[in-house]
Engineer: 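I am attaching a structure below and will ask some questions about it afterwards.
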Amino acid sequence: MNALIALGCPELPVQTSLALYLAHKLQNEGIDVTIAGTNAAVSLIRVADPDRHYSKRLSDLDRTIEGLAEKRIDYDLSFVFIHSDSGISYLATLKSLSKGNVIAVIFGKDIETLVAMAEEQGARMFAARAVHNPMPLKIKLDEVERWAALTS
Amino acid sequence: MGCIDELEYEIMLSNCSFRECAEFIKNNFKEIYYVNPGHKIFDTYLIGVPPIPIAVDGDKIIMPYVKPCHGSFVLRLPGGNEIEALRKK
(Lines give C-alpha, C1' and ligand atoms only; values in the text may rest on other atoms or scores of the structure.)
Protein backbone atom coordinates (compact mmCIF):
# COMPACT_ATOMS: atom_id res chain seq x y z
CA MET A 1 0.00 0.00 0.00
CA ASN A 2 1.30 3.48 -0.81
CA ALA A 3 0.48 7.08 0.00
CA LEU A 4 1.32 10.50 -1.36
CA ILE A 5 1.72 13.62 0.75
CA ALA A 6 1.40 16.58 -1.64
CA LEU A 7 2.71 19.78 -0.10
CA GLY A 8 1.69 23.34 -0.88
CA CYS A 9 3.80 26.47 -0.72
CA PRO A 10 5.87 26.17 2.48
CA GLU A 11 5.06 29.70 3.68
CA LEU A 12 3.19 28.43 6.77
CA PRO A 13 5.47 26.95 9.45
CA VAL A 14 3.22 24.02 10.39
CA GLN A 15 3.38 22.32 7.00
CA THR A 16 6.80 20.63 7.22
CA SER A 17 6.24 19.46 10.77
CA LEU A 18 2.79 18.01 10.02
CA ALA A 19 3.97 16.35 6.81
CA LEU A 20 6.76 14.53 8.64
CA TYR A 21 4.39 13.59 11.46
CA LEU A 22 1.82 12.19 9.01
CA ALA A 23 4.57 10.30 7.15
CA HIS A 24 5.66 8.80 10.47
CA LYS A 25 2.08 7.68 11.25
CA LEU A 26 1.63 6.14 7.80
CA GLN A 27 5.01 4.39 7.87
CA ASN A 28 4.21 2.88 11.24
CA GLU A 29 1.38 1.05 9.47
CA GLY A 30 3.76 -0.19 6.78
CA ILE A 31 2.50 2.27 4.17
CA ASP A 32 5.08 3.34 1.58
CA VAL A 33 5.10 7.17 1.64
CA THR A 34 6.14 9.65 -1.04
CA ILE A 35 6.34 13.34 -0.15
CA ALA A 36 5.99 15.69 -3.12
CA GLY A 37 6.34 19.44 -3.22
CA THR A 38 8.00 22.46 -4.70
CA ASN A 39 11.77 22.69 -4.53
CA ALA A 40 11.56 24.80 -1.35
CA ALA A 41 8.99 22.53 0.33
CA VAL A 42 11.08 19.43 -0.41
CA SER A 43 14.27 21.17 0.76
CA LEU A 44 12.62 21.95 4.11
CA ILE A 45 11.78 18.26 4.50
CA ARG A 46 15.33 17.22 3.55
CA VAL A 47 16.85 19.53 6.16
CA ALA A 48 14.36 18.57 8.87
CA ASP A 49 14.82 14.83 8.29
CA PRO A 50 18.49 14.47 7.27
CA ASP A 51 18.62 10.71 7.80
CA ARG A 52 15.40 10.30 5.83
CA HIS A 53 13.57 8.40 8.55
CA TYR A 54 10.19 9.76 7.43
CA SER A 55 10.96 10.98 3.93
CA LYS A 56 12.35 7.93 2.15
CA ARG A 57 10.78 9.01 -1.12
CA LEU A 58 10.79 12.67 -2.16
CA SER A 59 9.42 13.94 -5.43
CA ASP A 60 8.92 17.15 -7.35
CA LEU A 61 5.23 18.12 -7.36
CA ASP A 62 5.09 18.82 -11.11
CA ARG A 63 6.76 15.48 -11.91
CA THR A 64 4.27 13.73 -9.62
CA ILE A 65 1.32 15.30 -11.46
CA GLU A 66 2.96 14.30 -14.74
CA GLY A 67 3.31 10.68 -13.56
CA LEU A 68 -0.31 10.55 -12.44
CA ALA A 69 -1.57 12.14 -15.68
CA GLU A 70 0.44 9.66 -17.75
CA LYS A 71 -0.81 6.82 -15.52
CA ARG A 72 2.74 5.72 -14.67
CA ILE A 73 2.10 6.08 -10.94
CA ASP A 74 -0.85 6.15 -8.56
CA TYR A 75 -1.41 6.09 -4.82
CA ASP A 76 -3.92 4.31 -2.60
CA LEU A 77 -4.07 7.42 -0.42
CA SER A 78 -3.18 11.00 -1.32
CA PHE A 79 -3.06 13.78 1.25
CA VAL A 80 -3.15 17.28 -0.22
CA PHE A 81 -1.88 19.99 2.14
CA ILE A 82 -3.99 23.10 1.61
CA HIS A 83 -3.73 26.61 3.02
CA SER A 84 -4.65 28.61 -0.08
CA ASP A 85 -6.83 28.57 -3.18
CA SER A 86 -3.97 26.93 -5.12
CA GLY A 87 -4.18 23.97 -2.78
CA ILE A 88 -7.83 23.49 -3.72
CA SER A 89 -6.80 23.34 -7.39
CA TYR A 90 -4.26 20.64 -6.56
CA LEU A 91 -6.91 18.75 -4.56
CA ALA A 92 -9.26 18.79 -7.58
CA THR A 93 -6.43 17.68 -9.84
CA LEU A 94 -5.42 14.77 -7.59
CA LYS A 95 -9.07 13.73 -7.28
CA SER A 96 -9.39 13.76 -11.04
CA LEU A 97 -6.18 11.82 -11.74
CA SER A 98 -5.94 9.26 -8.92
CA LYS A 99 -8.02 6.14 -8.51
CA GLY A 100 -7.17 6.14 -4.80
CA ASN A 101 -8.74 8.11 -1.98
CA VAL A 102 -7.74 11.78 -1.92
CA ILE A 103 -7.85 13.57 1.42
CA ALA A 104 -7.58 17.30 2.14
CA VAL A 105 -5.39 18.47 5.02
CA ILE A 106 -6.48 22.07 5.58
CA PHE A 107 -4.68 24.54 7.83
CA GLY A 108 -3.92 28.25 8.08
CA LYS A 109 -5.63 31.25 9.63
CA ASP A 110 -8.87 31.47 7.61
CA ILE A 111 -9.88 27.90 6.85
CA GLU A 112 -13.68 28.24 6.47
CA THR A 113 -13.65 29.08 2.74
CA LEU A 114 -11.15 26.31 2.02
CA VAL A 115 -13.22 23.80 3.98
CA ALA A 116 -16.33 24.77 1.99
CA MET A 117 -14.46 24.41 -1.30
CA ALA A 118 -13.08 20.99 -0.33
CA GLU A 119 -16.60 19.94 0.69
CA GLU A 120 -17.87 20.97 -2.76
CA GLN A 121 -15.46 18.43 -4.18
CA GLY A 122 -16.68 15.74 -1.83
CA ALA A 123 -13.26 15.34 -0.26
CA ARG A 124 -12.68 13.77 3.11
CA MET A 125 -10.67 16.21 5.17
CA PHE A 126 -8.74 17.04 8.29
CA ALA A 127 -8.98 20.75 9.05
CA ALA A 128 -7.86 22.99 11.88
CA ARG A 129 -6.84 26.60 12.34
CA ALA A 130 -3.06 26.25 12.57
CA VAL A 131 -0.30 28.57 11.41
CA HIS A 132 2.63 28.35 13.84
CA ASN A 133 1.41 25.65 16.20
CA PRO A 134 0.78 22.26 14.60
CA MET A 135 -1.02 20.80 17.64
CA PRO A 136 -4.67 21.54 16.58
CA LEU A 137 -4.17 19.56 13.39
CA LYS A 138 -1.99 16.91 15.01
CA ILE A 139 -4.89 16.19 17.37
CA LYS A 140 -7.16 15.63 14.34
CA LEU A 141 -4.64 13.28 12.74
CA ASP A 142 -4.25 11.38 16.01
CA GLU A 143 -7.97 10.54 15.94
CA VAL A 144 -7.34 8.11 13.05
CA GLU A 145 -6.86 4.58 14.36
CA ARG A 146 -6.00 2.86 11.08
CA TRP A 147 -4.91 4.84 8.02
CA ALA A 148 -5.36 1.89 5.70
CA ALA A 149 -9.08 2.02 6.52
CA LEU A 150 -9.30 5.40 4.73
CA THR A 151 -8.78 3.73 1.38
CA SER A 152 -12.34 2.44 1.38
CA MET B 1 6.58 23.24 -15.79
CA GLY B 2 9.31 25.21 -17.46
CA CYS B 3 7.80 25.05 -20.93
CA ILE B 4 5.16 27.71 -20.29
CA ASP B 5 7.80 29.95 -18.74
CA GLU B 6 9.74 29.74 -22.00
CA LEU B 7 6.79 30.89 -24.12
CA GLU B 8 5.95 34.53 -24.82
CA TYR B 9 2.93 34.79 -22.59
CA GLU B 10 0.92 37.76 -21.44
CA ILE B 11 -0.63 37.73 -17.98
CA MET B 12 -4.25 38.80 -18.32
CA LEU B 13 -5.23 38.20 -14.69
CA SER B 14 -3.22 37.52 -11.55
CA ASN B 15 -3.59 37.36 -7.77
CA CYS B 16 -7.00 35.74 -7.98
CA SER B 17 -8.70 32.44 -7.24
CA PHE B 18 -8.99 29.63 -9.76
CA ARG B 19 -12.74 30.22 -9.88
CA GLU B 20 -12.20 33.88 -10.80
CA CYS B 21 -9.81 32.82 -13.57
CA ALA B 22 -12.35 30.37 -14.97
CA GLU B 23 -15.13 33.00 -14.84
CA PHE B 24 -12.90 35.58 -16.55
CA ILE B 25 -12.26 33.21 -19.46
CA LYS B 26 -15.92 32.18 -19.75
CA ASN B 27 -17.15 35.80 -19.63
CA ASN B 28 -14.66 37.33 -22.05
CA PHE B 29 -14.23 34.84 -24.87
CA LYS B 30 -16.57 33.04 -27.25
CA GLU B 31 -14.64 29.98 -28.44
CA ILE B 32 -14.17 27.93 -25.29
CA TYR B 33 -13.19 24.30 -24.79
CA TYR B 34 -13.41 22.46 -21.49
CA VAL B 35 -10.77 20.00 -20.31
CA ASN B 36 -10.09 18.00 -17.19
CA PRO B 37 -7.19 18.53 -14.78
CA GLY B 38 -4.08 16.77 -16.09
CA HIS B 39 -4.88 17.81 -19.68
CA LYS B 40 -1.57 18.24 -21.51
CA ILE B 41 -1.05 21.54 -23.26
CA PHE B 42 2.28 23.22 -24.15
CA ASP B 43 3.99 20.20 -22.52
CA THR B 44 2.33 21.12 -19.23
CA TYR B 45 -0.28 19.18 -17.28
CA LEU B 46 -3.04 21.57 -16.26
CA ILE B 47 -3.89 22.03 -12.59
CA GLY B 48 -7.35 23.20 -11.59
CA VAL B 49 -10.94 22.55 -10.69
CA PRO B 50 -12.85 20.83 -13.51
CA PRO B 51 -14.19 21.68 -15.99
CA ILE B 52 -11.19 23.87 -16.90
CA PRO B 53 -12.03 26.42 -19.62
CA ILE B 54 -9.50 27.16 -22.36
CA ALA B 55 -10.35 29.88 -24.90
CA VAL B 56 -9.15 30.35 -28.46
CA ASP B 57 -9.00 33.95 -29.67
CA GLY B 58 -7.49 34.37 -33.13
CA ASP B 59 -4.07 32.74 -33.01
CA LYS B 60 -3.91 32.90 -29.20
CA ILE B 61 -4.86 30.51 -26.41
CA ILE B 62 -6.17 31.87 -23.12
CA MET B 63 -5.92 29.49 -20.20
CA PRO B 64 -5.71 29.35 -16.41
CA TYR B 65 -2.36 28.51 -14.86
CA VAL B 66 -1.82 27.59 -11.20
CA LYS B 67 1.43 27.92 -9.27
CA PRO B 68 1.58 26.61 -5.67
CA CYS B 69 3.15 29.74 -4.19
CA HIS B 70 1.77 32.41 -6.51
CA GLY B 71 -1.88 31.50 -6.98
CA SER B 72 -3.84 31.39 -10.22
CA PHE B 73 -3.26 33.37 -13.40
CA VAL B 74 -4.95 33.74 -16.77
CA LEU B 75 -2.32 33.54 -19.51
CA ARG B 76 -2.58 34.50 -23.16
CA LEU B 77 -0.14 32.55 -25.31
CA PRO B 78 0.63 31.97 -28.99
CA GLY B 79 -1.60 28.98 -29.80
CA GLY B 80 0.47 27.21 -32.44
CA ASN B 81 -0.52 23.58 -32.93
CA GLU B 82 -2.47 23.54 -29.67
CA ILE B 83 -5.41 25.37 -31.26
CA GLU B 84 -6.09 22.56 -33.72
CA ALA B 85 -5.57 19.97 -30.97
CA LEU B 86 -8.27 21.69 -28.89
CA ARG B 87 -10.69 21.96 -31.82
CA LYS B 88 -10.28 18.28 -32.66
CA LYS B 89 -10.75 17.20 -29.05
Side-chain angles (χ1 to χ4, degrees), chain A residues 5-12 15 19 36-44 59-74 78 80-99 102 104 108 110 113-114 116-123, chain B residues 1-7 9 11-27 32-55 61-75 77 81-82 85-86 89:
Chain A
I5 296 175
L7 302 177
C9 180
E11 63 191 335
L12 296 196
Q15 177 170 268
T38 61
N39 189 31
V42 167
S43 293
L44 280 161
S59 174
D60 174 77
L61 189 56
D62 288 341
R63 297 287 82 78
T64 303
I65 297 294
E66 183 181 306
L68 284 159
E70 292 177 356
K71 302 189 187 313
R72 287 186 280 105
I73 51 171
D74 202 357
S78 293
V80 184
F81 277 51
I82 299 167
H83 63 81
S84 68
D85 185 80
S86 294
I88 294 293
S89 291
Y90 276 89
L91 175 70
T93 302
L94 262 294
K95 279 186 72 69
S96 181
L97 296 178
S98 176
K99 288 192 170 72
V102 180
D110 302 310
T113 307
L114 299 174
M117 291 167 90
E119 275 173 354
E120 275 176 26
Q121 293 184 31
Chain B
M1 297 194 188
C3 294
I4 293 248
D5 293 334
E6 289 161 15
L7 294 173
Y9 61 81
I11 298 175
M12 302 190 81
L13 204 61
S14 61
N15 294 322
C16 56
S17 69
F18 184 84
R19 189 172 286 174
E20 287 167 328
C21 287
E23 288 302 314
F24 175 85
I25 293 169
K26 286 190 272 184
N27 293 336
I32 296 173
Y33 302 90
Y34 291 92
V35 300
N36 284 320
H39 175 81
K40 192 177 186 182
I41 185 166
F42 300 117
D43 265 342
T44 293
Y45 294 88
L46 280 185
I47 305 297
V49 180
I52 300 175
I54 300 177
I61 277 180
I62 294 90
M63 59 178 237
Y65 186 59
V66 177
K67 298 193 93 167
C69 293
H70 301 286
S72 299
F73 301 81
V74 174
L75 302 182
L77 308 113
N81 295 333
E82 298 291 354
L86 276 172
K89 195 180 163 292

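All values reported here derive from a predicted model rather than from experimental measurement. So that the names make sense, note that chain A is the first sequence line, chain B the second, and so on, each numbered from 1.
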Engineer: Where on A/Leu61 is there a heavy atom nearer than 4.5 Å to chain B: the side chain, the backbone, both, or neither?
Structural biologist: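 Interface part for A/Leu61: side chain.
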Engineer: B/Glu82 side chain to B/Ile41 main-chain N or O, any donor-acceptor pair under 3.5 Å?
Structural biologist: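 Checking the backbone N and O of B/Ile41 against the side chain of B/Glu82, no donor-acceptor pair under 3.5 Å is found.
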Engineer: How would you list, by chain and number, every residue that makes a side chain to side chain donor-acceptor pair (under 3.5 Å) with B/Lys67, sequence neighbours excluded?
Structural biologist: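 For B/Lys67 there are no side chain to side chain donor-acceptor pair (under 3.5 Å) partners, ignoring immediate neighbours.
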Engineer: Is it the side chain or the backbone of A/Glu66 that comes within 4.5 Å of chain B heavy atoms, both, or neither?
Structural biologist: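 Both the backbone and the side chain of A/Glu66 come within 4.5 Å of chain B.
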Engineer: Counting heavy-atom pairs closer than 4.5 Å to chain A, which one of B/Cys69, B/Gly48, B/Gly38 comes out on top?
Structural biologist: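 Ranked by heavy-atom pairs under 4.5 Å with chain A, first place is B/Gly48.
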Engineer: Take atom CG of A/Asp74 as the centre, draw a 6.0 Å sphere, and report whether it contains more than 12 heavy atoms from other residues, nucleotides or ligands.
Structural biologist: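 Yes, because the 6.0 Å sphere around CG of A/Asp74 holds more than 12 heavy atoms from other groups.
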Engineer: Can you tell which of A/Ser86, A/Ala40, A/Ser96, A/Gly87 has the highest number of heavy-atom pairs within less than 4.5 Å of chain B?
Structural biologist: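 It is A/Ser86.
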Engineer: Please rank B/Val49, B/Asn36, B/Ile52 by heavy-atom pairs under 4.5 Å with chain A and give me the top one.
Structural biologist: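 So the answer, after comparing B/Val49, B/Asn36, B/Ile52, is B/Val49.
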Engineer: May I ask you to check whether over 12 heavy atoms, not counting those of B/Asn81, lie within 6.0 Å of atom CG?
Structural biologist: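 It does not: B/Asn81 CG has 12 such atoms or fewer within range.
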Engineer: Does B/Arg19 form a salt bridge (charged side-chain N to carboxylate O under 4.0 Å, His left out) with A/Glu120? I'd like the steps, not just the answer.
Structural biologist: CA-CA 13 Å; B/Arg19 189 172 286 174; A/Glu120 275 176 26; 2.6 Å; yes
